[in-house]
Peer 1: 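Let me begin by handing over the structure; questions about it come next.
Since this is a predicted model, take the numbers as computed values, not measurements.
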Number of protein chains: 2
Amino acid sequence: MTNIKEIAQYAGVSVSTVSRVMNNHPYVSPEKRKSVLQAIDQLNYSRNINAIHLSKGKTNLIGVIIPFTNHPYYGAIVQGITKQANAIGYHIVIFQTQYEREKEIQALNMLQMKQLDGIIVCSRISEMKVLLDYQKYGPIILCEDTAQAELSSISIDHYAAFSSALEYVVAKGYKKIGYSLGRKKSRNSSLRTKAFNDIMNKYHLLNKKEWLFEGSYHIKDGEKLFQDWNSMIDKPEAIIITNDDTAAGFILTANKFGMKVPEDVAILGFNNDSLSEMLDITTVSLPLDWIGKMAVDLFENPKVIRHVKLDYTLMKRKTI
Amino acid sequence: MTNIKEIAQYAGVSVSTVSRVMNNHPYVSPEKRKSVLQAIDQLNYSRNINAIHLSKGKTNLIGVIIPFTNHPYYGAIVQGITKQANAIGYHIVIFQTQYEREKEIQALNMLQMKQLDGIIVCSRISEMKVLLDYQKYGPIILCEDTAQAELSSISIDHYAAFSSALEYVVAKGYKKIGYSLGRKKSRNSSLRTKAFNDIMNKYHLLNKKEWLFEGSYHIKDGEKLFQDWNSMIDKPEAIIITNDDTAAGFILTANKFGMKVPEDVAILGFNNDSLSEMLDITTVSLPLDWIGKMAVDLFENPKVIRHVKLDYTLMKRKTI
DNA sequence: TTGTAGGCGTTATCAA
DNA sequence: TTGATAACGCCTACAA
C-alpha cells in the first residue's frame, strides 16, 4: 500500500507538500501540485483514513443506538439522522441493542475509545447516570423527553401528546379506556402513564390495572394484544396503542374475528406510519424524521445543552 | 487524554507490558499486571482505537449499502447482518443511498481508505466493473443473484422463485397476468422479467407491456399501483407484486374502493413480511435474515469466492 | 518475562 | 512557498 512518503519521493517533494495537496491547502505552487497529482495517479495512491483519525482525534462517525432496525418508528428516525449526518460529512454506525444493555455499553466504549465522535440514543437502556459518565468523551444526544439538564435531548412532549389523544377519546364519550405501551419502564412510557392517570382522575374514570397492556412494538404484537383484550370479561371499549404497527395488527386481527373497529372497540394509534394512513387509523402524528435531523443538529453544537421539543398532530380518521 | 506511555510510567513498566496487559497476552507477571491495572484505573485510561486501527490496518467495521432504512425488506437483512457481524466482533456502518450512485461510491472510498474492512451491497447501483475495481481494497459481498464469478454473493434464486410464483398463478387458471417490480433495471428485476417472459411464452399467454408496473417499494406505492391498475380498460386479473408492502397497499386501497381480493383481482406478494401474514396475502417467503447472516459469513472468508443461493417458499394464503 | 525501538500514515508546527 | 520533524497512540519484532 503506497503512502504519502512514497508519493513525496516520486514527486520529488516533501510529505508536507503532498499533505497540502491532498487537503487543498493554499501555498502550493502549480508545478509541485501537478507533479504530486501525477504521482498520486501513477502510484494509485489513496489515504489511510485511520492515520488521519489518529492524527486529528476524530472519525466523523456518529453512533446511533436503537432497539430494532426493522421497525418503522426507528427506521424513520434513522432516516432523518442519516440524511442530516451525511449533509455535515458524517456517517452512522448502527447499534441494534434489542434492549440488551451490553450493546449500549459497546457504543459508549467506542465513544470513549474515539471511534465515534458522538452518540445519538434513540431508546435508552442504561440509567442516565451511566450516560452522563460517558459524556466527557463526546456529545451524547438523547431522543427522549428527559427532564435532565446535563444532556441535550430532542423529543416529542409525550405527556402532552398522550394527554391530548386521551382527551380526544374521552370527548368521544368513551369511559372504559385502556392503553398499550412498549416497555413499561421507559421514559416515554412513564410520561404516558402519568398522563393517563392524570386525565382519568380528572374525569373520574375507571383506571383498571388490567387495561394497561405492555410489549407492543410490532404488528404481530397487535395480534396478541387483540387476543388478550378479547379474552377479557370486562373489556375496555377504547384502546390507545402507542404505535401504529401494533394498532394495525390489532385491527386486522379483530377483523379476522369478525369484529369491527370502532364499532366493537375503538383504537387510537401513534406515529402516523403510512400503514395507519392506509387503514384509516386515527393516530398521533410524530415528526420522526425531524427528530433525527434535530438530533444531529444538537450533536453539532455540543457546547449548549438544549432540550428541544417537537410538535405532534392528532390525525382524526376512522378508528375512533 | 492519558495514553499508554503515561500508564507505563505510572506503573513503572514499559509500554509493551501495558500493551500486553491490554491485549491479554501471556507472559506478564501477576505483580506487573496488577500495577498496570491499577494505573489504568487511577488514570482513567482508555485506548485510542484509531491508533490500533492504524497499527493493525483494520477497523472491524463493515459497510452496508441499502437504498432505504425504513423498509421491511432491508430492515430484515440489516437485522441479520448486524446480528452475525456483532457475533464476530464487527460493527455496521449504514450507507443509505436512496439509489444515488454517489453514496455508494462514498462507501467504496471508505473501503479504499481502510475505514471499512469490507462492504456488503444489498442493492447495487454502480456497474459490476466498478465494484470489481474496489475489490482489491477489501471483500465486497453482493446480496444479489449475480452470475459474475469474481465477487462473492448471497441471494435467492430470483428466477426460480418468480417462476414458481407465476406457475402457481397460471395453475390457478389466470390468463391475464401482470407484475410489478422495484427498479426495472436492477439485477433482481431483470431475472424476474426473464422468468415472466419465459413462463408466459411457455403457456402462450398474453404478455402485455402495460401490465408490467414499476417503482413498487412502499405501502403507498401500492395505492398508486391500484389506481394505475384500476384506470386501465383492459386489466390484468392477477398481479404478482414483488414486495408485500406494496401488495398490502394495493389490497387495502382496493378494499377502500369496494373491490375484493382475489375476487376482483388476485394478488401474489413477495417477502412474507408480517404484514402479509396479517392480511393473508399469498406470498413468496424469502429468508432475509439468513441473507444477512450469510453475507457476513462470506465476508469472513474472502479467500474463496462463493455464490450462495437460499431457498424460498410459497406461502399459500388467501389473495389468489 | 520484560524492555527498546521502529513502524503504522497523517497532520501540524516551525523554521527557512 | 517549502521541508524537517515532532506529534498522534498503539503494536510488535527483537533483544535481553
Side-chain angles (χ1 to χ4, degrees), chain A residues 1-37 39-40 43-61 89 109-117 137-138, chain B residues 1-37 39-40 43-61 89 109-117 137-138:
Chain A
M1 203 84 290
T2 119
N3 60 21
I4 205 176
K5 208 166 163 184
E6 293 180 43
I7 300 297
Q9 275 175 353
Y10 192 97
V13 300
S14 72
V15 289
S16 339
T17 301
V18 178
S19 175
R20 287 189 187 103
V21 171
M22 293 304 294
N23 292 289
N24 282 318
H25 278 300
Y27 306 137
V28 180
S29 67
E31 309 86 57
K32 299 228 168 187
R33 177 179 304 268
K34 195 178 154 206
S35 69
V36 168
L37 256 20
I40 288 171
L43 274 52
N44 190 22
Y45 164 74
S46 61
R47 294 194 281 186
N48 180 328
I49 209 157
N50 294 316
I52 300 177
H53 291 334
L54 171 59
S55 187
K56 293 208 170 180
K58 58 179 295 214
T59 58
N60 281 37
L61 246 35
N109 283 334
M110 283 171 68
L111 178 67
Q112 181 176 11
M113 299 195 300
K114 292 170 167 301
Q115 185 159 20
L116 303 174
D117 290 353
Y137 303 115
Chain B
M1 203 85 292
T2 118
N3 61 21
I4 205 175
K5 208 166 163 184
E6 293 180 43
I7 300 297
Q9 276 177 352
Y10 191 96
V13 299
S14 72
V15 288
S16 355
T17 301
V18 178
S19 175
R20 287 187 188 104
V21 171
M22 293 303 294
N23 293 290
N24 282 318
H25 277 299
Y27 305 138
V28 180
S29 68
E31 308 86 58
K32 298 229 169 189
R33 178 180 304 267
K34 195 177 154 207
S35 68
V36 167
L37 255 20
I40 287 171
L43 274 53
N44 191 21
Y45 165 73
S46 62
R47 294 193 282 188
N48 180 329
I49 208 156
N50 294 315
I52 299 177
H53 291 333
L54 171 58
S55 188
K56 293 208 169 180
K58 58 178 298 214
T59 57
N60 282 35
L61 246 33
N109 283 334
M110 284 171 67
L111 178 67
Q112 180 175 12
M113 299 194 301
K114 292 169 169 300
Q115 185 158 19
L116 303 174
D117 291 352
Y137 303 115

Peer 1: Atom CG of B:Asn24 and atom P of D:dC11: how far apart are they, to the nearest Å?
Peer 2: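 B:Asn24 atom CG is separated from D:dC11 atom P by 12 Å.
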Peer 1: How would you list, by chain and number, every residue that makes a side-chain hydrogen bond (donor to acceptor under 3.5 Å, both in side chains) with B:Lys58, sequence neighbours excluded?
Peer 2: B:Asn60, B:Tyr90
Peer 1: Run the side-chain hydrogen bond (donor to acceptor under 3.5 Å, both in side chains) test against B:Ser16 and tell me which residues pass, sequence neighbours left out.
Peer 2: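 B:Ser16 satisfies side-chain hydrogen bond (donor to acceptor under 3.5 Å, both in side chains) with B:Ser14 once adjacent residues are dropped.
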Peer 1: What string of B, S and - do you get for nucleotides 6-16 of chain C, 5' to 3', when a contact is any protein heavy atom under 4.0 Å?
Peer 2: -BBBBBB----
Peer 1: Output all residues satisfying side chain to side chain contact (heavy atoms under 4.5 Å, CB included) with A:Ala11, sequence neighbours left out; order by chain, then residue number.
Peer 2: A:Val13, A:Ser35, A:Val36, A:Ala39
Peer 1: Taking the side chain as C-beta and beyond, is there a heavy-atom pair between A:Leu61 and B:Gln115 under 4.5 Å?
Peer 2: yes
Peer 1: Which residues pass the side chain to side chain contact (heavy atoms under 4.5 Å, CB included) test with A:Ile52, not counting sequence neighbours?
Peer 2: A:Arg47, A:Ile49, A:Lys56
Peer 1: Please list, one pair per line, the donor and acceptor atoms closer than 3.5 Å that link side chains of residues 27-34 of chain B to other protein atoms, with sequence neighbours excluded.
Peer 2:
{"unit_1": "B:Ser29", "atom_1": "OG", "unit_2": "B:Lys32", "atom_2": "N", "d": "3.4"}
{"unit_1": "B:Arg33", "atom_1": "NH2", "unit_2": "B:His25", "atom_2": "O", "d": "3.2"}

Peer 1: Without swapping roles, check the side chain of A:Asp117 against the backbone of A:Thr59 for a donor-acceptor pair under 3.5 Å.
Peer 2: yes
Peer 1: Between the axis at one end of the helix from C:dT1-D:dA16 to C:dA16-D:dT1 and the axis at the other (five pairs apiece), what's the angle to 10 degrees?
Peer 2: 40°
Peer 1: Taking side chain to side chain contact (heavy atoms under 4.5 Å, CB included) as the definition, give me every residue that meets it alongside B:Ile4, ordered by chain and number, with sequence neighbours left out.
Peer 2: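 Expected list: B:Val15, B:Val18, B:Ser19, B:Tyr45.
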Peer 1: Report the residues that fulfil side-chain hydrogen bond (donor to acceptor under 3.5 Å, both in side chains) with B:Asn48, sequence neighbours left out, ordered by chain and then residue number.
Peer 2: none
Peer 1: A:Asn3: which residues meet the side-chain hydrogen bond (donor to acceptor under 3.5 Å, both in side chains) condition with it, sequence neighbours left out?
Peer 2: none
Peer 1: Give, ordered by number, those residues of residues 27-34 of chain B having at least one heavy-atom distance below 4.0 Å to an atom of DNA chain C; if nothing qualifies, reply none.
Peer 2: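 Here the set is B:Tyr27, B:Val28, B:Ser29, B:Lys32.
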